[in-house]
*Asks:* 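Got a structure for you, questions after.
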Amino acid sequence: MDRPVIELVEVRKSFVMPGGEERIDVLDIPEFRLDAGAHCALEGHSGSGKSTLLNVISGIQRADSGRVVICGTDIGSLPEPARDRVRADRLGLVFQQFNLLPGFTALENVLVAMAFGSGRADRGRATDLLSAVGLGHRLHHKPAELSVGQQQRVAVARALANRPRIVLADEPTASVDAAHQQQVIDLLRTTCTEHGVALLVVTHAPEVAGQFPHRLRLEDFNRAARTPAR
Amino acid sequence: MSLLGIAWRTIRQRLFTSLLTSLSLALGVALVVATLITAGVVKRAFASGGGLGYNMIVGAKGSPLQLVLNSVYLISRPIENISWDFYREFLPAAERPDGMAGRYAASVQTAVPICMGDYFRGYRVIGTNAAYFDRMTTVDGGPFRFAAGVNFRDDDFFGGVLGHEVARRLGLAVGDTFSPTHGADDGAVHDPFRVTGILARTDTPVDRGVYVNMEGFFLQEGHAKPLDGESASTTPAAQAQPAGGGGRPAPLPDAQREVTAVLVTTASIPGLPAELMAMGLKQAINEGRDGQAAEPVREIRQLLDLFVRPLELLLLLVTALVVIVSAIGILVSMVGSSLERSRDVAIMRALGARRSHVLATVLIEAVLLAGAGGLAGWVLGHLLVASIGPLITTNAGVSVGVLSGAPLAELLLVPALVLLAVGAALLPAIAAYRTDVARWLQGPG
């Protein structure tokens with residue numbers, strides 16, 4: 001059995017409600033694992049804690065308790081700069097809104113991601129990645145000059161910039177029209193397969209989730225999501 | 001891509017705001033640089049005037065400062081003239097027709113007369129004798145050096161020597177002739193003098209002087225002292241034979257001669273400090289009724305203490321305010337774009353940027369804005385000084401150019417601005433440092 005690249009054990013996360021008197025549980029996960037190279041779709045209703053889960057896995061937010069092990073490193077015990085380093089080196093993130101830097105060209109958006117990793121900013125690799133997603137002719141275009149589909153491709157290339165072990169995609173098709181949804185999913189899956197990268201896609205679109213070999217509902221393993229949000 | 005590259009790209013992303021911020025910085029710095037340079041150059045020029053190879057000026061009674069400004073710096077107006085006989089009191093026996101040493105001769109090493117009142121195309125004309133350049137020294141204590149030609153001879157009545165700047169600006173060369181005008185540039189035109197030499201640059205008021213043989217000067221219309229019952233305008237000049245005329249004219253009789261001032265180098269006697277000698281001579285002259293003695297160093301020091309130093313303090317205050325306002329400009333600009341920045345910061349943090357990366361990027365951005373604005377302002381300030389140089393030359397009597405500088409103040413200005421900008425940028429930098437990534441990147445779910 002492959003060693004898991006993501007392993008969550010007894011992870012809890014809650015937030016203080018505005019007003020400061022009441023806490024709301026968002027994550028209560030006894031166990032969650034994603035093996036190396038595995039592709040998994042994660043479904044969940046709105047407010048079920050999907051984004052919080054991705055934030056905890058990526059180290060952007062810290063779990064209140066439990067173990068969050070990424071590629072063998074328990075990032076829950078690491079200080080923030082070390083978590084940032086793990087995120088830069090081992091994780092690639094694709095966002096619903098693409099979240100490209102508007103003032104940077106496609107190539108620079110990929111190079112920026114490299115700047116925060118352990119390796120050097122490799123212009124050649126950045127160009128190759130963009131060429132691989134079909135944007136070799138759009139290297140020096142800024143996001144505003146690219147179509148929605150092209151922006152998402154830049155986001156995918158950027159996610160792979162630092163040779164990550166895992167790509168986390170948060171609703172990657174939500175901002176794309178129906179005609180391009182399939183292209184985005186194909187691109188993500190093909191690219192991650194080619195690079196041997198584990199892929200965790202959060203979605204609420206059944207037609208997207210249905211294409212993945214592993215399909216999970218957050219409510220199934222997040223006890224906090226079973227309680228209706230107040 | 002380095003943090004510097006990211007900061008630079010961020011500046012370009014907000015190009016208009018960045019340009020405006022840098023422009024406002026540049027204008028502030030240009031103003032400060034121009035003011036500092038002008039003040040510094042003027043101050044240095046005045047301070048250097050105290051060492052022009054003489055330590056005392058004797059002239060008509062009146063304001064000693066005016067006497068110094070007129071005689072040393074070639075600005076302001078002459079007070080009045082002193083008599084020829086009084087001038088001769090400073091001469092040794094060998095230089096006097098009666099063969100007897102003058103009253104003050106024992107205290108004097110060199111006494112050079114100067115006659116003023118004429119102009120040549122905006123420059124002051126000084127009638128003097130060959131001793132001015134033969135026996136006096138420059139600021140550095142060495143003899144006057146000629147860039148071309150030689151000093152005029154005392155028997156060459158219509159010979160003249162030009163200061164470096166005069167020759168350069170007016171394009172005159174050795175052998176050329178020039179005709180001074182009486183009293184002002186539009187006054188009566190005098191006889192022509194021939195250029196025998198052009199002085200090497202001294203960076204003193206001497207560079208702006210037109211020096212002519214006093215004997216020729218005396219012979220010009222209106223320069224002879226009226227004899228009893230005559231007026232100056234009707235006093236005929238001696239039969240002048242100007243440059244190129246051949247032969248030497250008869251010199252002006254002593255009775256009709258006057259000088260504007262006498263530049264005196266006091267003698268130094270073993271065992272007696274030079275200051276004491278000068279003090280005694282000054283006291284003796286000032287007690288008399290013929291004229292006054294002024295010490296250029298003392299007068300200029302008083303001028304600096306009274307006006308220039310307080311002005312310098314004021315300038316320093318203005319400088320500090322401009323730099324602070326500039327830094328606040330950066331702060332306003334960066335705070336104004338903080339909303340846009342927060343999203344970018346959140347993205348970079350999600351990509352793995354550490355908080356320190358974000359902090360550094362914002363501070364680098366401030367350094368680039370301040371540095372670019374500061375350097376542009378520095379260049380602009382120098383260009384400004386160069387463009388108003390002629391105005392400064394006319395009014396303050398010192399020459400300034402694009403390369404004139406106020407080294408220490410200038411060296412400190414841009415780094416101080418950058419430091420303050422970094423200080424001002426700390427607020428937006430800390431805001432960026434504390435950006436809540438999850439909030440800015442929050443999607444549904």
Side-chain angles (χ1 to χ4, degrees), chain A residues 42 44-55 58-61 80-93 95-105 107-118 121 123 126 142 158-159 161-162 170-171 174-175 202-204 218, chain B residues 1-19 21 333-334 336-365 368-369 428 430 432-445:
Chain A
L42 185 61
H45 61 74
S46 185
S48 61
K50 298 190 296 290
S51 294
T52 304
L53 175 62
L54 292 188
N55 286 341
S58 61
I60 290 173
Q61 289 177 320
E80 188 183 66
R83 294 205 309 275
D84 294 337
R85 175 56 61 88
V86 170
R87 181 164 67 253
D89 286 341
R90 297 181 188 168
L91 291 164
L93 273 66
F95 305 93
Q96 176 183 335
Q97 304 293 337
F98 319 140
N99 284 338
L100 299 179
L101 294 165
F104 294 62
T105 64
L107 183 64
E108 287 166 344
N109 263 284
V110 179
L111 287 170
V112 162
M114 290 177 172
F116 305 128
S118 299
R123 208 176 178 82
K142 290 185 178 172
R158 184 179 66 182
N162 290 326
D170 187 4
E171 302 279 9
S175 300
V202 166
T203 180
H204 62 268
L218 191 55
Chain B
M1 181 173 263
S2 63
L3 295 183
L4 180 67
I6 293 171
W8 174 240
R9 177 54 76 185
T10 308
I11 287 174
R12 287 185 60 184
Q13 186 179 343
R14 291 182 274 275
L15 191 60
F16 186 64
T17 314
S18 304
L19 278 178
T21 308
S333 160
M334 297 186 92
S337 58
S338 61
L339 195 69
E340 190 184 349
R341 184 193 309 281
S342 293
R343 185 176 168 276
D344 289 0
V345 166
I347 294 170
M348 285 193 260
R349 292 273 292 118
L351 295 175
R354 275 167 270 167
R355 290 185 194 273
S356 56
H357 286 144
V358 170
L359 187 82
T361 305
V362 178
L363 294 182
I364 290 170
E365 195 181 327
L368 289 177
L369 284 175
I430 289 171
Y433 181 91
R434 298 171 65 176
T435 298
D436 183 348
V437 183
R439 185 169 77 86
W440 281 97
L441 298 181
Q442 198 168 34

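In what follows, every chain begins at residue 1, and chains take the letters A, B, ... in the order their sequences are listed.
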*Asks:* With a 4.5 angstrom heavy-atom cut-off, could you sort out which part of B:R12 is near chain A: side chain, backbone, both or neither?
*Replies:*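 Neither part; nothing is under 4.5 Å.
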*Asks:* Quick check on A:R123 against chain B: is it the side chain, the backbone, both or neither that has a heavy atom closer than 4.5 Å?
*Replies:*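 Interface part for A:R123: neither.
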*Asks:* Measuring heavy-atom distances to chain B, does A:L100 have an atom under 4.5 Å in its side chain, in its backbone, in both, or in neither?
*Replies:*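 Backbone of A:L100 only, per the 4.5 Å heavy-atom cut-off to chain B.
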*Asks:* Give, as side chain, backbone, both or neither, the part of A:F95 having an atom under 4.5 angstrom from any heavy atom of chain B.
*Replies:*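 Side chain only.
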*Asks:* Counting heavy-atom pairs under 4.5 Å with chain B, which one of A:P81, A:G59, A:A113 comes out on top?
*Replies:*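 It is A:P81.
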*Asks:* Based on non-hydrogen pairs under 4.5 Å, which of A:Q61, A:R83, A:K142, A:R158 is most in contact with chain B?
*Replies:*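 Result: the option with the highest number of such pairs is A:R158.
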*Asks:* Give, as side chain, backbone, both or neither, the part of B:I6 having an atom under 4.5 angstrom from any heavy atom of chain A.
*Replies:*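 Both parts, backbone and side chain.
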*Asks:* Kindly compute the distance separating CG (A:L101) from CD (B:Q13), expressed to the nearest 0.5 Å.
*Replies:*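 Answer for the CG-CD pair, A:L101 versus B:Q13, is 7.5 Å.
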*Asks:* Of all residues at least two apart in sequence or in a different chain, which pass the side-chain contact (heavy atoms from CB on, under 4.5 Å) check with B:L4?
*Replies:*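 In terms of side-chain contact (heavy atoms from CB on, under 4.5 Å), with neighbours along the sequence ignored, B:L4 is linked to B:S2, B:I364, B:L368.
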*Asks:* Heavy-atom distance under 4.5 Å between the side chains of B:R9 and A:L111, does that happen here?
*Replies:*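 B:R9 does not reach A:L111 side chain to side chain.
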*Asks:* Could you go step by step and tell me if A:E80 and B:R349 meet the side-chain contact (heavy atoms from CB on, under 4.5 Å) rule?
*Replies:* CA-CA 11 Å; A:E80 188 183 66; B:R349 292 273 292 118; 3.3 Å; yes
*Asks:* If you take all heavy atoms of A:A88 and B:G352, which pair is closest and at what distance?
*Replies:*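 Minimum heavy-atom separation between A:A88 and B:G352: CB-CA, 3.7 Å.
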*Asks:* Please rank B:H357, B:R14, B:M348 by heavy-atom pairs under 4.5 Å with chain A and give me the top one.
*Replies:*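 If we count pairs closer than 4.5 Å to chain A, B:M348 comes out on top.
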*Asks:* I'd like to know if the side chain of A:R87 reaches the main chain of B:A350, judged simply by a donor and an acceptor atom lying under 3.5 Å from each other, with no hydrogens or angles considered.
*Replies:*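 Yes, because the side chain of A:R87 sits within donor-acceptor range (under 3.5 Å) of the backbone of B:A350.
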*Asks:* How many angstroms lie between atom CG of A:N99 and atom CG of B:L351, to the nearest 0.5 angstrom?
*Replies:*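 If I round to the nearest 0.5 Å, the distance is 9.0 Å.
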